[in-house]
Amino acid sequence: MNHKTYYVCKYTPVELLTALGGECVNLNEMPHGFELAEQLAHPNICGFGKSLLESVMRGDVKELVLVNCCDTIRSVCDVLEDSGKLEFLYMVDILHSGGVCSRERTALQLKKLAKAYAEYRGTSFDAEKFRQAFVPPQRKNGPHISVLGARMGTELFDMVQKVMPFPVENDSCVYNRSAGGETPPKTDDFDELMDWYAGILLGQLPCMRMMDHTGRKQLYNNPDLKGIIYHTVKFCDFYSFEYAEVKNHAAVPILKIESDYTIQSSGQLSTRLEAFAESLASDLQKGKEKKMGKGYAAGIDSGSTSTDVVILDKDRKIVTGIILPTGAGAAIGAERALEEALKSAKLAREDIDALVTTGYGRSVIRDGDKSITEITCHARGAHYLDPSVRTVIDIGGQDSKVIRIDETGAVENFVMNDKCAAGTGRFLEMMARTLEMNLEELSRKGLHYGEDITISSMCTVFAESEVVSLIAQNKDTDDIVHGLNKAVAVKTAALAKRVGGQAPYMMTGGVSRNQGLVKTLEEKLGTSLVISDKAQLCGALGAALFAADMLS
């Protein structure tokens, strides 16, 4: 028998299982989806619970030891018991406190587990192997970034490590295990060892399942800490509660992200992670060293709807700005837009000494010297257009962003709506199609309305149904459009409040041309919006400015 024994909780007695001949592995992979799991479990079970079910139902796991962390794990255990897919399944029932009674009960639980596992394996407890299994956790010394909160999947953590400017410690629930750093007593008495071991397991740096979790404060009071990525899993309440505490007391920048524990959700978070990394980096000028030619710098903003290009001269003056539809492919659209910009500026490609790409398609553009997120680029571009601006609002085709910036144009905080089309340019595009008009026509409607209609659903599909119903009721088009503008404005204003937005506000991107939406958003914010004639070029402008930095 050579099956690995998988576990999911830091309170799992892995040293005991090792002493009984097991090879323990943390089960933390993120699947592409939950096709098998959703055939068995309630749809509102958390993504991590579904990932466990998915791994077992695929046949990847034969031995699994669980701890009663939460209701999700209990539900998963019940489902797996009925599935018949596992050769060994055991739930360790550990209480949520570290008192004397809890320690006694945990020692009994350890003995029961040992008996069941030894019978399954056909082995016996090896006290010396038990002592050797205690390996101190390895931590990086010096400045670092900490991942806190609910467990983070391996694939997402790998992504975090790749983009952050400092080493990253995974301090999410299962990874800040400290039991391995202890030294067992020199005795072979099993009962004595289990009593000691129960105290060690319960005495770890607590997770949020424990009744007393004040010890977790040391995770964000480390003097070497440079930033925090606080991760939560959809439907997980434990760590949603802790975030407010960390936010109010940590002295370093914090990025909060949520995943549903699929690889797809990790990809959706890449822009947030990269923007956070850029805000932490002390130097954004780490691109290729360039020999100074004519001093022209270019930025390409590859968006879902349009691809924008800005070219600056050696004095950082705008030579030209081009806006073209992206088309079917981001790389092809970028190449076409750059060619048009060069033609407009009467330049050749070799005249461009530095090129920075941004936008959702930035990663597929191979011609650039550096790639920077649109969050950082919009902040830089907005500051160039109006240095007094402190909050930038960009309603893009695929997502909406509100960015708070300082007096230098650096990002202080940001928030995004990138999980559905609600409140984005795509939402407005679909509503325009339903109203049988184009976006240009939609942007001129809603300024003068009679009835203050409220679109109750921000789900794009349901909102479309509401619009169809309003059309059937012969509601005036201006009234319907005002209702749509109000729905987007309410959602955007809520994002601004979350990020701590401060006036002056600037709106960037193509949606800034929508006069009705701008007016309604100003009403919700209680202040006017700065709208530049180069608003749609703001991201490309910021990218070009970063490219110019590479030449200075």
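Predicted, not measured: the structure shown is a model, and the values here were computed from it. Any value given below was found using the heavy atoms of this structure, including those in side chains, with hydrogens, waters and symmetry copies removed.
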Checklist entry - Would Leu280 and Lys226 count as a side-chain contact (heavy atoms from CB on, under 4.5 Å) if you check the C-alpha gap in whole Å, the side-chain angles of each, and the deciding distance to 0.1 Å? => result CA-CA 8 Å; Leu280 292 173; Lys226 297 300 180 184; 5.5 Å; no
Output side-chain donor-acceptor pairs under 3.5 Å for residues 323-336, partner residues at least two apart or in another chain, one line each.
unit_1 : atom_1 : unit_2 : atom_2 : d
Thr326 : OG1    : Gly303 : O      : 2.7
Thr326 : OG1    : Ser306 : N      : 3.3
Thr326 : OG1    : Ser306 : O      : 3.1
Thr326 : OG1    : Thr307 : N      : 3.4
Thr326 : OG1    : Thr307 : OG1    : 3.0
Arg336 : NH2    : Pro325 : O      : 2.7

Checklist entry - With a 4.5 Å heavy-atom cut-off, do Val168 and His144 have their side chains touching? => result no
Item to check | Salt bridge Lys519-Glu522, side-chain N to carboxylate O under 4.0 Å | outcome: no
Checklist entry - How are the rings of Tyr230 and Tyr243 set to each other: parallel, tilted or perpendicular (split at 30° and 60°)? => result tilted
Checklist outcome for this item: Sorted by chain and number, sequence neighbours left out, ring pair (Phe, Tyr, Trp, His ring centres under 6.0 Å) with Phe414 holds for none
Item to check | For Ala496 against Tyr505, the heavy-atom pair lying closest together | outcome: CB-CE2, 4.2 Å
Next on the checklist: Using side-chain heavy atoms (C-beta onward) and a distance below 4.5 Å, is Leu385 in contact with Lys534?
Outcome noted: yes
Next on the checklist: Main chain of Lys317, side chain of Asp315: is a donor-acceptor contact present, judged purely on distance under 3.5 Å?
Outcome noted: no
Checklist entry - Which atoms form the tightest heavy-atom contact between Ile375 and Met416, and what is the distance? => result CD1-SD, 3.5 Å
Checklist entry - Once the angle between the rings of Phe48 and Tyr261 is folded into 0 to 90°, is it parallel (under 30°), tilted (30 to 60°) or perpendicular (over 60°)? => result perpendicular
Checklist entry - Can you name the closest pair of heavy atoms from Val518 and Ser512 and give their distance? => result CG2-O, 3.4 Å
Item to check | Side-chain heavy-atom pair Glu274, Lys162 within 4.5 angstrom cut-off | outcome: no
Checklist entry - Is the backbone of Glu245 close enough, under 3.5 Å, to the side chain of His249 for a donor and an acceptor to pair up by distance? => result yes
Next on the checklist: Would Arg390 and Asp406 count as a side-chain contact (heavy atoms from CB on, under 4.5 Å) here? Give the steps.
Outcome noted: CA-CA 6 Å; Arg390 291 295 173 267; Asp406 64 17; 5.9 Å; no
Next on the checklist: Please check this pair: side chain of His231 against backbone of Arg151, looking for a donor-acceptor N/O pair closer than 3.5 Å.
Outcome noted: yes
Checklist entry - Can you tell if the side chain of Leu355 reaches within under 4.5 Å of the side chain of Arg349, non-hydrogen atoms only? => result yes
Checklist entry - Quick one: do Glu258 and Lys234 make a salt bridge, cutoff under 4.0 Å? => result no
Next on the checklist: Would the distance check show the side chain of Thr358 and the main-chain N or O of Glu374 forming a donor-acceptor pair, the cut-off being under 3.5 Å?
Outcome noted: yes
Checklist entry - Checking Arg272 side chain against Leu269 main chain: does a donor-acceptor pair fall under 3.5 Å? => result no
Checklist entry - Any sub-3.5 Å donor-acceptor pair from Asp353's side-chain atoms to Gly295's backbone N or O? => result yes
Next on the checklist: If you compare all heavy atoms of Ala548 against all heavy atoms of Ala297, which two are closest, and at what distance to 0.1 Å?
Outcome noted: N-CB, 3.6 Å
Checklist entry - Would Glu169 and Ser146 count as having a side-chain donor-acceptor pair, cut-off 3.5 Å? => result no
Item to check | Donor-acceptor under 3.5 Å (His378 side chain, Thr376 main chain) | outcome: no
